[in-house]
Amino acid sequence: MQTWLTQHKIPLGNWLAKGVDFATDHGQAFFDLISAVLGGLISGLTWLLLLPPAPLLIALFVAGAYFLHRSIALCVFIALGLLLVVNLGYWTALVQTLALVFSATLFCIVIGVPLGIAAAHRPVFYQIMRPVLDLMQTIPTFVYLIPTLVIFGLGTVPGLISTVIFAIPAPVRLTHLGITSVPLSLREAGEAFGATKLQLLLKVELPYALPTIMAGITQCIMLSLSMVVIAALVGADGLGKPVVRALNSVNVSMGFEAGISIVILAIILDRVCKRPERG
C-alpha cells in the first residue's frame, strides 16, 4: 500500500508551481504596480518617521503613551528603551520595522475586520472560511516567502504581503468572536427601537465587541512584529537584517543587540496597544 501511494504521488506542488508561473507570466505588470504602490507606501511612512530627530520622535511617543494610559512608569520605560536603541545604533532599523508593522496592521484591519463582521452575520461563510484561516495560521512562515518572492522579487513588498497573510486571521477570528458574543437582548432592544441593520451594527454590535476587536488588533501587531526576522530573508529592511547578518557571521554581540531592540519594541507596542484603563 505504501509503495503504491508513493508511486502515484499527487502532483500538488507542481500544480501550485504552475499556478505561480501562470500568474507571473500573465500578470507581471499588475504585480509590478502593486509592488510600486506598496513599496512607495512603506518608503513614505519610513521617511516621515525618520524626518524628525530621534529625541523628538521619542518625546512624541512618550506623550502619546501618557495620553492613553496616564502611566509614568510606562512613559519612563518607553523613553529609556528607545534611547537605548538609539545608543546601540539601531534607530533607523527600528523605524523601518515600525513602518512595516504599521502598514501590515493597517491592511489587516481594513481586510480582516469587515471579513469578521461578514462571517459573524453569515455562519455558512465562516464555516467555509475557517479551514482557510486554520491553514494560514499553521503553514510555516517560510512557505509564504517562496511565491511572494517569485512574484514580487526581493524587497520589502514580499515581506509585507507574507506578514499580512500570517497576521490577518487574528482580527478576523476575534472580530467574529466579538460580534457573535453580543447578547441577544441588546440586538432585540435595538430592533425594537427601529434600528436598521447598519445602525444595529454601528451602535450596538461594534461598541459591545470593541474590546475583543482591539485584542485582535493588538495580537495582529505582535504577529506582524514576529515576522521582522523572516521578512529580512527576502530583503525587507528593519531589525531583522542585523539579526540575519549576525546569524550568518556568528556575531554574538550584533545578534544580542538587535534582539534586545526587537524585545524593547515588542514590549512597548504590547503595553501601548492594550486598552487604556481609566480610573
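Worth saying up front: this structure is predicted, and the values here are computed from it rather than measured.
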Peer 1: Identify the two heavy atoms, one from C220 and one from P171, that lie closest to each other, and give their separation to 0.1 Å.
Peer 2: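 Between these two residues, the closest heavy atoms are CB-CD, 4.0 Å.
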
Peer 1: Could you tell me whether the side chain of N248 and the main chain of V244 form a donor-acceptor pair under 3.5 Å?
Peer 2: yes

Peer 1: Could you walk me through whether Q96 and Y90 pass the side chain to side chain contact (heavy atoms under 4.5 Å, CB included) check?
Peer 2: CA-CA 10 Å; Q96 292 168 341; Y90 292 103; over 6 Å; no

Peer 1: Could you go step by step and tell me if D237 and L100 meet the side chain to side chain contact (heavy atoms under 4.5 Å, CB included) rule?
Peer 2: CA-CA 9 Å; D237 295 323; L100 179 61; over 6 Å; no

Peer 1: Please test L174 against I217 for side chain to side chain contact (heavy atoms under 4.5 Å, CB included), starting from the C-alpha separation and ending with a verdict.
Peer 2: CA-CA 9 Å; L174 287 175; I217 294 173; over 6 Å; no

Peer 1: Side-chain contact, heavy-atom cut-off 4.5 Å: I179 with Y208?
Peer 2: no

Peer 1: Kindly compute the distance separating CG (L83) from CD1 (I78), expressed to the nearest 0.5 Å.
Peer 2: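 One gets 11.5 Å once the value is rounded to the nearest 0.5 Å.
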
Peer 1: With a 4.5 Å heavy-atom cut-off, do T212 and S181 have their side chains touching?
Peer 2: no

Peer 1: Apply side chain to side chain contact (heavy atoms under 4.5 Å, CB included) to L98 and F61, showing your working.
Peer 2: CA-CA 12 Å; L98 270 178; F61 287 158; 4.1 Å; yes

Peer 1: Only pairs under 3.5 Å count here: list side-chain donor-acceptor contacts from residues 255-267, not counting sequence neighbours, and write none if there are none.
Peer 2:
from : atom 1 : to   : atom 2 : distance (Å)
S261 : OG     : E257 : O      : 3.0

Peer 1: Quick check: closest heavy atoms across A232 and G240, and the distance to 0.1 Å?
Peer 2: CB-C, 3.3 Å

Peer 1: Which side-chain N or O atoms in residues 149-164 pair as donor and acceptor under 3.5 Å with protein atoms at least two apart or in another chain?
Peer 2:
from : atom 1 : to   : atom 2 : distance (Å)
S162 : OG     : T148 : OG1    : 3.2
S162 : OG     : P158 : O      : 2.8
T163 : OG1    : G159 : O      : 2.6

Peer 1: I want to check something: taking the side chain as every heavy atom from C-beta on, are I221 and D270 in contact at a cut-off of under 4.5 Å?
Peer 2: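 Not touching, per the 4.5 Å side-chain cut-off.
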
Peer 1: When rounded to the nearest 0.5 angstrom, what distance separates OG in S185 from CZ in R187?
Peer 2: 10.0 Å

Peer 1: Shortest non-hydrogen contact from A99 to T46?
Peer 2: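 What the structure gives for the nearest pair is CB-OG1, 3.2 Å.
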
Peer 1: I'd like to know if V182 and L210 are part of one continuous hydrophobic network [Ile/Leu/Val/Met/Phe/Trp/Tyr, side-chain heavy atoms within less than 4.5 Å].
Peer 2: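 No, it is not one cluster - the side chains of L210 and V182 are not joined through contacts under 4.5 Å.
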
Peer 1: Can you find a heavy atom in the side chain of R173 that is under 4.5 Å from one in the side chain of L177?
Peer 2: no

Peer 1: Find the distance between CG (L94) and CG (L50) and round it off to the nearest 0.5 Å.
Peer 2: 10.0 Å

Peer 1: Does F125 CZ have over 12 foreign heavy atoms under 6.0 Å away?
Peer 2: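 Yes, CZ of F125 has more than 12 neighbouring heavy atoms, counting only those of other groups under 6.0 Å.
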
Peer 1: If Ile, Leu, Val, Met, Phe, Trp and Tyr residues are connected whenever their side-chain heavy atoms lie under 4.5 Å apart, and connections chain through other members, are L82 and L225 in the same group?
Peer 2: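 As far as the 4.5 Å side-chain criterion goes, L225 and L82 are connected within one cluster.
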
Peer 1: Counting C-beta onward and ignoring hydrogens, is there a side-chain heavy-atom pair between I168 and M136 closer than 4.5 Å?
Peer 2: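 A side-chain contact exists here, since the closest heavy-atom pair is under 4.5 Å.
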
Peer 1: In the single-linkage hydrophobic clustering (I, L, V, M, F, W, Y; side-chain heavy atoms under 4.5 Å), do L239 and W91 co-cluster?
Peer 2: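 Same cluster: L239 reaches W91 through Ile, Leu, Val, Met, Phe, Trp or Tyr contacts under 4.5 Å.
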
Peer 1: Find out whether F102 and I42 are in side-chain contact, i.e. whether some heavy atom of one side chain is under 4.5 Å from a heavy atom of the other.
Peer 2: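 Counting from C-beta outward, F102 and I42 never come under 4.5 Å.
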
Peer 1: How many angstroms lie between atom CD of E191 and atom CD of Q199, to the nearest 0.5 angstrom?
Peer 2: 12.0 Å

Peer 1: Would F107 end up clustered with L33 when hydrophobic side chains under 4.5 Å apart are linked, directly or stepwise?
Peer 2: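 Different clusters: F107 never reaches L33 through Ile, Leu, Val, Met, Phe, Trp or Tyr contacts under 4.5 Å.
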
Peer 1: State whether the side chain of S43 and the backbone N or O of G40 hold a donor-acceptor pair below 3.5 Å, judged by distance alone.
Peer 2: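 Such a contact is absent between S43 side chain and G40 backbone.
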
Peer 1: Enumerate the ring-ring contact (aromatic ring centres under 6.0 Å, His included) contacts for residues 173-195, please, sequence neighbours excluded, ordered by first and then second residue.
Peer 2: Y126-H176

Peer 1: Give the minimum heavy-atom separation between V86 and A54, together with the two atoms involved.
Peer 2: CG2-CB, 4.1 Å

Peer 1: Quick one: do L38 and M227 end up in the same hydrophobic cluster if we chain Ile, Leu, Val, Met, Phe, Trp and Tyr together by side-chain heavy atoms under 4.5 Å apart?
Peer 2: yes

Peer 1: Would you mind reporting whether E205 and H121 have side-chain heavy atoms less than 4.5 Å apart?
Peer 2: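 Yes. Closest side-chain heavy atoms under 4.5 Å.
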
Peer 1: Heavy atoms only: give me the nearest M129-A119 pair and the separation to one decimal.
Peer 2: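 Minimum heavy-atom separation between M129 and A119: CE-CB, 3.5 Å.
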
Peer 1: Measure the CZ-SG distance between R70 and C75 for me, rounded to the nearest 0.5 Å.
Peer 2: 9.5 Å

Peer 1: To the nearest 0.5 Å, what is the distance between CG on L198 and NZ on K203?
Peer 2: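 Output value for this atom pair is 9.5 Å.
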
